[in-house]
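All remarks here apply to the structure that follows.
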Amino acid sequence: MVAAPTRRFTDAKRLIALWDPCQREILVALGCTPWVMATPEITDDPLLRALLHAAGRAPDAADVAAVLRMLPPTSSLLGNPGAKRALWPRLRQLRRTSQ
């Protein structure tokens with residue numbers, strides 16, 4: 001989670017707004033900091049790019065945040081053949097829903 005930008009964010013595909021503008025205004029008036037969820041930097045992780053490709057999604061797809069929530073952390077897959085085997089049915093399901 002990162003603090004919501006005060007001005008319009010230019011790379012909106014990387015941020016998921018948790019609050020609409022009215023709610024954000026109310027939160028600021030109450031002295032709270034509105035937050036947004038930031039998606040991981042996909043271009044930095046080749047394994048994550050490969051998983052998205054196997055799921056039939058492009059890194060800039062509209063539903064990439066939802067897909068990433070369905071996938072396990074890439075660190076849990078390294079050196080864990082059981083986790084990799086368990087991942088394939090989920091990837092096939094995601095690929096079917098993308099078509």
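No experiment lies behind these values; they were computed from the predicted model shown.
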Practice item. Would you mind listing the cluster partners of Val28? Hydrophobic ones only (ILVMFWY), side-chain contacts under 4.5 Å, chaining allowed. Key: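 Hydrophobic cluster check, Val28: no partners found.
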Show me, pair by pair, the donor-acceptor contacts under 3.5 angstrom made by side chains of residues 80-87, not counting sequence neighbours?
unit_1: Asn80; atom_1: OD1; unit_2: Gly82; atom_2: N; d: 3.3
unit_1: Asn80; atom_1: OD1; unit_2: Ala83; atom_2: N; d: 3.2

Side chain proximity check, Arg90 to Pro72, heavy atoms < 4.5 angstrom: yes
Problem set entry | 4.5 Å side-chain heavy-atom contact, Leu51 and Leu77 |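 The answer is yes, as the side chains (C-beta and beyond) meet within the 4.5 Å cut-off.
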d(Trp88 CH2, Arg95 CZ) to nearest 0.5 Å is 8.5 Å
- What is the distance from atom CG of Leu91 to atom NE2 of His53, rounded to the nearest 0.5 Å?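 Atom-to-atom, Leu91:CG and His53:NE2 are 11.5 Å apart.
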Heavy atoms of Val67 and Ala55 approach each other most closely as CG1-CB, 4.4 Å
Heavy-atom nearest pair, Leu94 first then Arg57, reads O-NH1, 2.8 Å
